[in-house]
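Here's the structure we're looking at; comments come further down.
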Amino acid sequence: MSNSQLEISWLKTFIVVARTGSMTEAMSSLCRSQSAISMHIKKIEEALERKVFNREVRKLTLTLAGQELLVHAQRILGVYTEAMQSLAGSNVNGKISLGIPDDYAVRYLPDVLKAFGEKYPAIEISLFCEPSLTLIPKIESGMLDVAIVTRDKPGRGDFLFSEQLVWTGAENSIIREDRCLSVAVYEYGSEARKKVMTALEQLPYGYRIAYSSPYVAGQIAAVESGMAVAVLTRCSVPESLKIINSEQLPALPSLEVVVISRNNTANSTLNELLVNEIKLQLSR
């Protein structure tokens, strides 16, 4: 094996290309040209004296050596990031904005804010609890720094975990096989609504949208009133509602939850610190 050393910047590039399966797709995440990304991968392969990617027609896939390197690269970057945060943490200051849908916020945000606040007490965070459908354009337009959202297309963001969708109803809810189902749903255009509507199309007696809201509190209120059932993320189901497990209702998929951040910003250092903390606390 060559005596060349693997640089941190090369490993960062490798991880993003491995995630996206494309050097072109990786360009926006890394803020680098395709030639620079290609050079990083070439230097890695020269240092290891073996290929880390299979060059297929439409997508790059990891070789066995690439799969092994990915495990080590993620571990190395984790230790590197933790060390840099520990050494620089208390001296970092500034302001940063973070967006997250309300159904994820209550369950997942406290751990992130606690850990980040302990490491970087001088950084001020502005929180925006809005639907993913609203947050993603705000990241793209530069109105928002970092967001935890439901993935709306392949390659969007860095994967954190999967969140299961579940049927929910009031304690006295009864699902009648021979009746149209009244449902409270997410706002039009959202990824969650698309998946819910696909499931509803399987109902033999059809459905009726009784209530539609971009905020989970509205759906919960509708279900608690007894006027409808709803499909919610498992993390957002309150004690006042029950999860309905019924053969009369179609199976539901899960949502991919990711973290995204805006590029080419003066806040890039703060963005990276917050994104890394989110990954540390929420990645599964």
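Just so we're clear, the structure is a prediction, and the values are computed from it rather than from any experiment.
Residues V275 and F128 are members of separate hydrophobic clusters, defined by side-chain heavy-atom contacts under 4.5 angstrom among Ile, Leu, Val, Met, Phe, Trp and Tyr. Both Y120 and L274 belong to a common hydrophobic cluster when Ile, Leu, Val, Met, Phe, Trp and Tyr are linked at side-chain heavy-atom distances under 4.5 angstrom. No path of Ile, Leu, Val, Met, Phe, Trp and Tyr side chains, each step under 4.5 Å between heavy atoms, connects Y215 with I209, placing them in separate hydrophobic clusters. Under the 4.5 Å side-chain heavy-atom criterion for ILVMFWY residues, a single connected hydrophobic cluster contains both L69 and L62. M39 and V16 fall into different hydrophobic clusters, where Ile, Leu, Val, Met, Phe, Trp and Tyr are joined by side-chain heavy atoms under 4.5 Å apart, directly or via other members.
With hydrogens and angles ignored, the 3.5 Å screen pairs no side-chain donor or acceptor of S38 with any backbone N or O of Q34. For the pair R151 (side chain) and V257 (backbone), a donor-acceptor distance under 3.5 Å is absent. No donor-acceptor pair closer than 3.5 Å links the side chain of R107 to the backbone N or O of A105. W10 places no side-chain N or O within 3.5 Å of a backbone atom of K42 that could act as its donor or acceptor partner. Not a single donor-acceptor pair under 3.5 Å links the side chain of S283 to the backbone N or O of L280. In this structure, D111 contributes its side chain and Q281 its backbone to no donor-acceptor pair below 3.5 Å.
Around the CD atom of Q67, the shell of radius 6.0 Å holds more than 12 heavy atoms that belong to other residues, nucleotides or ligands. Dense packing is recorded around CD of Q202, with more than 12 heavy atoms of other residues, nucleotides or ligands lying under 6.0 Å away. Few gaps surround CE on M227; more than 12 heavy atoms of other groups in view lie less than 6.0 Å from it.
Between the CD1 atom of I125 and the CD1 atom of I96 there is a distance of 7.0 Å, given to the nearest 0.5 Å. Note: L252 CG to R234 CZ = 10.0 Å, rounded to the nearest 0.5 Å. Note that CG of L98 and CD of E277 are 12.0 Å apart. Values are rounded to the nearest 0.5 Å. To the nearest 0.5 angstrom, E140 atom CD is 11.5 Å from L135 atom CG. Between E272 atom CD and K279 atom NZ the span is 8.5 Å, to the nearest 0.5 Å. With rounding to the nearest 0.5 Å, the separation of CG in D102 from CD in Q219 is 8.5 Å.
Minimum interatomic distance between I244 and T168 (heavy atoms only, all atoms of both residues): CD1-C, 3.7 Å. What you find for L200 and V183 is that their closest heavy atoms are CD2-CG2, 3.9 Å. Taking all atoms of both residues into account, the shortest heavy-atom contact from G66 to F14 is O-CZ, 3.4 Å. Of all heavy-atom pairs spanning A47 and L6, the tightest one is CB-CD2, 3.8 Å. Nearest heavy-atom pair across A230 and V223 is CB-CG2, 3.3 Å. Residues Y108 and V112 share a closest heavy-atom pair of O-CG2, 3.7 Å.
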**Study point:** CA sep, side-chain torsions, deciding dist, call: L249, L203, side chain to side chain contact (heavy atoms under 4.5 Å, CB included)
**Key:** CA-CA 7 Å; L249 296 175; L203 292 170; 4.3 Å; yes
- prompt: Could you walk me through whether S212 and R193 pass the side chain to side chain donor-acceptor pair (under 3.5 Å) check?
  reply: CA-CA 10 Å; S212 179; R193 179 174 175 133; 3.2 Å; yes
Open item on the list: Apply side chain to side chain contact (heavy atoms under 4.5 Å, CB included) to residues S9 and R32 and explain how you reach the verdict.
Closed with: CA-CA 11 Å; S9 60; R32 293 182 182 275; 4.0 Å; yes
For this session: Please test N54 against T63 for side chain to side chain donor-acceptor pair (under 3.5 Å), starting from the C-alpha separation and ending with a verdict.
Result: CA-CA 6 Å; N54 296 307; T63 63; 5.7 Å; no
Point to revise | Derivation and outcome, side chain to side chain donor-acceptor pair (under 3.5 Å), residues S22 and T20 | key: CA-CA 5 Å; S22 165; T20 61; 5.4 Å; no
Decide yes or no on side chain to side chain donor-acceptor pair (under 3.5 Å) for E191 and Y186, but give the supporting numbers first.
CA-CA 9 Å; E191 193 63 24; Y186 292 93; over 6 Å; no
Item to complete: Please report the C-alpha distance between L273 and N271 in whole Å, then the side-chain angles of each, then the deciding distance to 0.1 Å, and finally whether the side chain to side chain contact (heavy atoms under 4.5 Å, CB included) criterion is met.
Response: CA-CA 5 Å; L273 292 176; N271 288 2; over 6 Å; no
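With sequence neighbours left out, the side-chain contact (heavy atoms from CB on, under 4.5 Å) criterion links R208 to C180, S182, A210. By the salt bridge (charged side-chain N to carboxylate O under 4.0 Å, His left out) test, K51 is found to be paired with E45, residues two or more places apart in sequence or in another chain being considered.
A side-chain donor-acceptor contact under 3.5 Å links S236 and T233. If you check the side chains of S240 and E224, you find a donor sitting under 3.5 Å from an acceptor.
Annotation: side chain of K138 is in contact with side chain of E130 (closest heavy-atom distance under 4.5 Å). Annotation: side chain of P238 is in contact with side chain of I220 (closest heavy-atom distance under 4.5 Å). No side-chain heavy atom of I148 sits less than 4.5 Å from a side-chain heavy atom of V258. Side-chain contact between I123 and K95: absent, with no pair of heavy atoms (C-beta onward) separated by less than 4.5 Å. Using a 4.5 Å heavy-atom cutoff, the side chains of L165 and L232 are not in contact. Between D158 and L160, the closest side-chain pair of non-hydrogen atoms is not below 4.5 Å. Side-chain contact between S162 and L255 is absent, with no heavy-atom pair separated by less than 4.5 Å. Between P131 and P101 there is no side-chain heavy-atom pair separated by less than 4.5 Å.
The only member of L77, I76, L70 that meets side chain to side chain contact (heavy atoms under 4.5 Å, CB included) when paired with Q74 is L70.
R19 and E25 are not joined by a salt bridge, as no carboxylate oxygen comes within less than 4.0 angstrom of a charged side-chain nitrogen. Salt bridge annotation for E163-K195: absent, with no cationic side-chain nitrogen under 4.0 angstrom from a carboxylate oxygen.
Ring geometry for F161 against Y104 counts as perpendicular: the plane angle is over 60°, on a 0 to 90° scale with 30° as the lower cut.
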